[in-house]
2 protein chains.
Amino acid sequence: MVLCARGQEGKREKVGEMIDSETAELRVLDAAESLFYARGIQAVGMDEIRTASGVSLKRLYRLHPSKADLVEAYLRRRDVRWRRSLAAYVDARTDPQERILAVFDWLHDWFAEPDFRGCAFVNSFGELGATESAVAEAARAHKEEFFRYLADLATAADAPTPLADHLALLAEGAMTTAAIIGSPEPAHQARDAARLLLDATANGDARSA
Amino acid sequence: MVLCARGQEGKREKVGEMIDSETAELRVLDAAESLFYARGIQAVGMDEIRTASGVSLKRLYRLHPSKADLVEAYLRRRDVRWRRSLAAYVDARTDPQERILAVFDWLHDWFAEPDFRGCAFVNSFGELGATESAVAEAARAHKEEFFRYLADLATAADAPTPLADHLALLAEGAMTTAAIIGSPEPAHQARDAARLLLDATANGDARSA
DNA sequence: AAGATTTGAGAACGATCGTTCTCCTCGGGG
DNA sequence: CCCCGAGGAGAACGATCGTTCTCAAATCTT
């Protein structure tokens with residue numbers, strides 16, 4: 001993944017201000033993530049990423065030969081970090097039903113962050129999904145991974161298969177609703193709904209007309 | 001709302017090719033809706049809307065003095081047409097619970113349309129919500145109206161207040177999920193979940209720990 | 001019928017942006 | 001000590017886009 005053949009020993013370690021390729025890449029990805037997520041992809045120019053990261057344009061284009069490449073790197077990294085953060089939070093609980101509900105607690109914490117602006121993949125899909133197929137594919141893959149994770153949590157709780165789909169819809173709806181109305185409250189509502197669905201199926205499905 | 005003082009009688013009716021202001025506005029809005037929805041707002045230039053609508057740039061800018069103005073008109077019209085279409089579909093049913101479930105049937109029909117690409121407001125919000133506050137506000141207002149409609153359906157079915165929020169999250173989640181995975185199936189899943197929630201509360205809330 | 005006015009088609013303008021190029025600096029090897 | 005290649009800062013280039021302007025044709029007014 002790293003473009004320049006990271007290092008026959010310390011060929012270019014220079015002094016003081018000089019930064020090596022790995023930290024340059026980190027700074028670029030940090031800047032790209034902050035800016036792309038906060039303002040949208042098309043609203044952020046490469047020059048702004050250069051300024052925010054402190055990396056020269058030349059090096060920026062050596063690390064990512066095009067903006068499309070940088071966008072893909074941004075989405076890739078956002079996907080793994082987002083899912084890792086969620087999994088770390090859920091792993092603090094042991095009871096299978098509690099682990100499912102913890103997903104919505106984690107969502108609430110996320111929604112309450114001051115710079116929360118919805119799901120980066122939904123936003124990117126809405127902006128570029130029709131034009132850049134790589135973005136559409138990244139969003140699809142991210143949601144698929146997330147849904148698979150929910151499905152694993154559901155089967156661990158002995159919940160029937162469709163429940164995982166229902167949880168996914170609640171979580172997904174909470175994300176976009178929280179973003180648009182600007183409140184973390186949908187996380188609580190989604191958690192309540194998830195609780196009802198868990199209880200309804202646990203108590204035997206009394207589905208009368 | 002109409003800019004040019006629509007008509008001391010037929011002041012400008014010309015012949016043949018000439019089109020009057022009302023049909024020009026319709027053609028512009030049709031073109032804007034198709035293009036903005038299909039490809040995103042920033043990906044469509046004013047020149048393309050001119051070509052698609054067959055209206056001259058001058059007239060286009062007389063009807064909508066800026067692209068931002070056209071975008072707001074697009075969102076306004078999309079909001080009322082979308083909600084009108086949904087209400088017409090739901091009004092074909094009389095049973096209060098059936099009316100709630102009909103929302104998800106309507107969603108399924110929408111998702112199955114070949115050019116379905118998610119909720120126009122979610123997409124616009126993701127693309128421009130951080131930059132253009134009018135877009136963010138339009139999305140918020142649209143979701144609020146939709147949620148109010150669901151709340152009315154829920155109270156008509158004697159459902160407890162939080163159920164309306166749960167239905168909203170399911171519908172919202174189904175929209176973005178259907179868009180990203182490219183399948184209308186989430187509508188069925190959301191309908192199933194709604195059904196479970198309706199039954200769970202109808203049968204008395206058996207919430208045990 | 002003739003001048004005033006409006007319109008459409010499209011060129012033009014200015015700004016922005018992705019990408020590349022230039023120039024200058026700086027460190028290392030003879 | 002002097003050439004050399006690499007790197008940084010930023011100018012430059014080409015394309016796109018929102019918006020305005022030009023100019024000629026067509027219409028309305030009188």
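Note on naming: letters A, B, ... go to the chains in the order of the sequence lines (proteins, then strands), and numbering restarts at 1 for each one.
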When you match Leu57(B) and Ser56(A) each to their closest nucleotide on DNA chain D, which lands nearer the 5' end?
-> Ser56(A)
Atom NZ of Lys58(A) and atom P of dC24(C) are separated, to the nearest Å, by 14 Å
Whole-Å distance separating the CG atom of Leu60(B) from the C1' atom of dT20(D) = 13 Å
Separation of atom OH in Tyr61(A) from atom C1' in dC17(C), rounded to whole Å | 8 Å
Round to the nearest Å and state the distance from Met46(B) atom CE to dA11(C) atom C1'.
-> 17 Å
Rounded interatomic separation in angstrom, taking CZ from Arg62(B) and P from dT6(C) | 9 Å
Between His64(B) and Glu25(B), does any side-chain donor sit less than 3.5 Å from a side-chain acceptor?
-> yes
Take the protein atom CG of Asp47(A) and the nucleotide atom C1' of dA9(D), then report the distance between them rounded to whole Å.
-> 11 Å
When rounded to whole Å, the CD to P distance for the pair Gln42(B) and dG18(C) reads 11 Å
Return no unless some side-chain N or O of Arg50(A) is found under 4.0 Å from OP1 or OP2 of dA9(D).
-> no
Give one of base, sugar-phosphate or nothing for Lys67(A), where a contact means two heavy atoms less than 4.0 Å apart.
-> sugar-phosphate
Rounding to a whole Å, what distance do you find between Leu70(B):CG and dG18(D):C1'?
-> 12 Å
Any chance the side chains of Trp110(A) and Ser85(A) put a donor and an acceptor closer than 3.5 Å?
-> no
Does the ring centre of Phe121(A) sit less than 6.0 Å away from the ring centre of Trp82(A)?
-> no
Does Arg59(B) place a side-chain N or O at less than 4.0 Å from the phosphate oxygens OP1/OP2 of dG8(C)?
-> yes
Which atom of Ile49(A) lies closest to which atom of Leu70(A), heavy atoms considered | CD1-CD2, 3.6 Å
